[in-house]
Amino acid sequence: MEGRGFVKGRSMGRWQLATRRKSLEAVVADGERAGLHRRLGAGSLLVLGVANILGAGIYVVTGTAAASFAGPAVVLAFVLAALACGFTGLCYAELSSVIPVSGSAYSYCHVTLGEGAAWALAWMVILEYLLAAAAVAAGFAGYLTSLLGDWHVAVPLALATSSVTASQQGGHTELAFSGGINLVAMLAVLAAAAVQIAGVGRSAWANLVLVLIKIAVLLAFVAVGSQFIDAANWRPFLPANEGGFAYGWPGVLRAAAMLFFAYLGFETVSMAAAEARQPRRDVPVGILGSLVVCTVLYIAAGAVLTGLVPFRELGVPDPVALAVDRIGWPGFAVLIKIGALTGLGSVLLANAYGASRISLSIARDGLLPTFFTRVHPKLGTPWLASVAFGTASALLAALLPISILGDLICLGIASAFIVVCIAVMWLRSRRPDLRGGFRVPLGGVWIGRTWIGVVPVLGIVMCLAMMAPVLGDMVAQVRRGDVLPATILLVYVLAGALLYLGYGQRRARRQVQDSNA
C-alpha cells in the first residue's frame, strides 16, 4: 500500500522498521484525508463520553466488584479507578489538543515510540474494545431477561448464560463450563453495530436520547433507593480480608481494576477528534467533563446499591435490577430496568464507534487490511470495520463471563494509558514548540533534555496499580489449572505479533522523511 511521500521499508531491518516513527505532520495529514465529516461539537463529544462511560460501571460490574472483592467499600474502588483515569484523562486532553486526529493512543504512540510499539498498543486497544462490548452486552442480557420476567416472559437460562462461568473461591476466580450460550448478549452487540453503521450523526442523536433517559433513571434510582437504605448493609464498610483478594484493601484495589473499564468512554472521545469541529477546544471538554459527571453518579449509585442489598448477594450480571426489586415497587422496578437497558445500549453504540475508528487509523497506515479503511459513500462511516468488530464481540459475549472480560479489558486499558502518559512527556521533551489548547497541570521537572511531569508519572503509577492484582489473580488461576484467561491473552498477543511481522511490517506506509530522532 503505497502513495506519494511513502516508501516500503523492506530494505531496512525489522528492528529499524519497528522503531521508525511517524511524523506529527503526517498523522495530521492522514486525519484530513480520511474522509470523515467534522460535525461534532463539545456538547456531542460530552454526550459521547457519558454515553460510553455511564452504564457498565454501575449497571454491570459494580455488583461483582462489591460481592467478591470490596463490599460496601466499592465506592472507594470507584474513586481509585477515577483517579487513575483522571490523571490519564489530563494527558489525553493535552495530546488530543496537539494531535487532533482519530486513533487516540495508537496515533500518539506512533509519533513517539515508533511503529512496532504503536502496533502492539493498538492490538491491545482493539482487544479492549472487543471485550468491553461483550461485557456490556452480558449485562444487557441480564437486565433484559429480568425485565421480560417481570412481564411473565421467560427466557431460557441456557440462552442468557455464557458458555464459561466464573465464581470466587478463597479470594480467587475459578472457572466452569455451563453448557449454555448467551444468545441475548450476542444479538445486542450485533444490533449496536447496525445502528453505528447507519452513521455518526444519527447514532449521536440516538446517544443523546439514551443518555438523557439513563441519567434521569439513575438519578431516580438514587433518590428513591436512598429512602430504603438499611445502614446495617454498610457495616462493616471495609470487610476484613478473607485471603487473596477477598475484601480488605487488596480487595478494594482488585475491585478498582475491575471497574477500570467502566471509564473507557473518555478515550472514545479522543477517537472522535477527526470528526470534531474545533478539536483543540472541544475534545478536552468532552474528555474531562464526561469523566467528572460519571464519577459523581457512580459513587452515589454505588452507595445506594450496597445500602439496599447485602453486598455478598450482589454477584449477578444485573445488580441494580436486584436492588430495585428489594424496594417492592414493581412499577418503579420496571422503569429502572428499562433505564438500565437504555444506558447499556448507549455504551454499546459508543463502544462500536471507538472500535471502528481506531481500526480505520491503523489500516490507513497499512498495518491492517485495506477494507478497514472503506468509508461508506453515503453514510460516511467505516462500515466494514463495524461489521468485523461487531461479529467478533458478539462471539465473545456469547462465550465468556463478565469477570474474565473485565480482567482482560483492564490489562488492555492500562497498557494504553501508560503509553499516553509517556507520550505527553516525549512531546514536551522533543517538541517543546508544539502547544495545543490544553496542558496538564502541576508542572514537572527537567532531567537533562527530558521533561518528567507530575501528572503523567502519577498516571503511570496508578495504571500499574490497576494491572498488578489482575496479573496476580491470573497467575493464581494458572497454578490451579484454570488456564483459559491466560491462554486467551497469550494467543491474542502471539496472533498480533505474527500479523505485524507477516503482514503489517511489509505493507506499512512510511514517509520518506521519517526519522528516529
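- How far CG of L367 is from CG of L499: 8.5 Å, rounded to the nearest 0.5 Å.
- Taking the six-membered ring where tryptophan is involved, the planes of F78 and Y263 are perpendicular, since the angle between them exceeds 60° and thus also 30°.
- In this structure, T88 contributes its side chain and F417 its backbone to no donor-acceptor pair below 3.5 Å.
- Taking the side chain as every heavy atom from C-beta outward, V454 and L458 approach each other to under 4.5 Å.
- N241 contributes a side-chain N or O that, together with a main-chain N or O of G244, makes up a donor-acceptor pair within less than 3.5 Å.
- Contact of the V455 side chain with the C91 side chain is registered, since non-hydrogen atoms from C-beta on lie closer than 4.5 Å.
- Under the 30°/60° scheme for interplanar angles, the aromatic rings of Y247 and F311 are found to stand perpendicular.
- With E94 contributing its side chain and V440 its backbone, the two residues share a donor-acceptor pair below 3.5 Å.
- Aromatic ring centres of Y92 and F87 lie farther apart than the 6.0 Å criterion allows.
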Does the pair E128 and L408 meet the rule for a side chain to side chain contact (heavy atoms under 4.5 Å, CB included), with working shown?
-> CA-CA 7 Å; E128 163 195 328; L408 294 174; over 6 Å; no
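- Looking only at distances, a side-chain donor or acceptor of S393 sits under 3.5 Å from a matching main-chain atom of L130.
- The closest donor-acceptor contact from the side chain of W119 to the backbone of G496 lies under 3.5 Å.
- Using modelled atom types, one side-chain atom of T306 and one backbone atom of A303 make a donor-acceptor pair closer than 3.5 Å.
- Aromatic rings of Y492 and W123 (six-membered ring for Trp) have centroids within the 6.0 Å cut-off, being under it.
- The CE atom of M258 lies 10.5 Å from the OG1 atom of T62; values are rounded to the nearest 0.5 Å.
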Give the intermediate values and the outcome of side chain to side chain contact (heavy atoms under 4.5 Å, CB included) for residues V74 and L259.
-> CA-CA 9 Å; V74 70; L259 295 169; 4.0 Å; yes
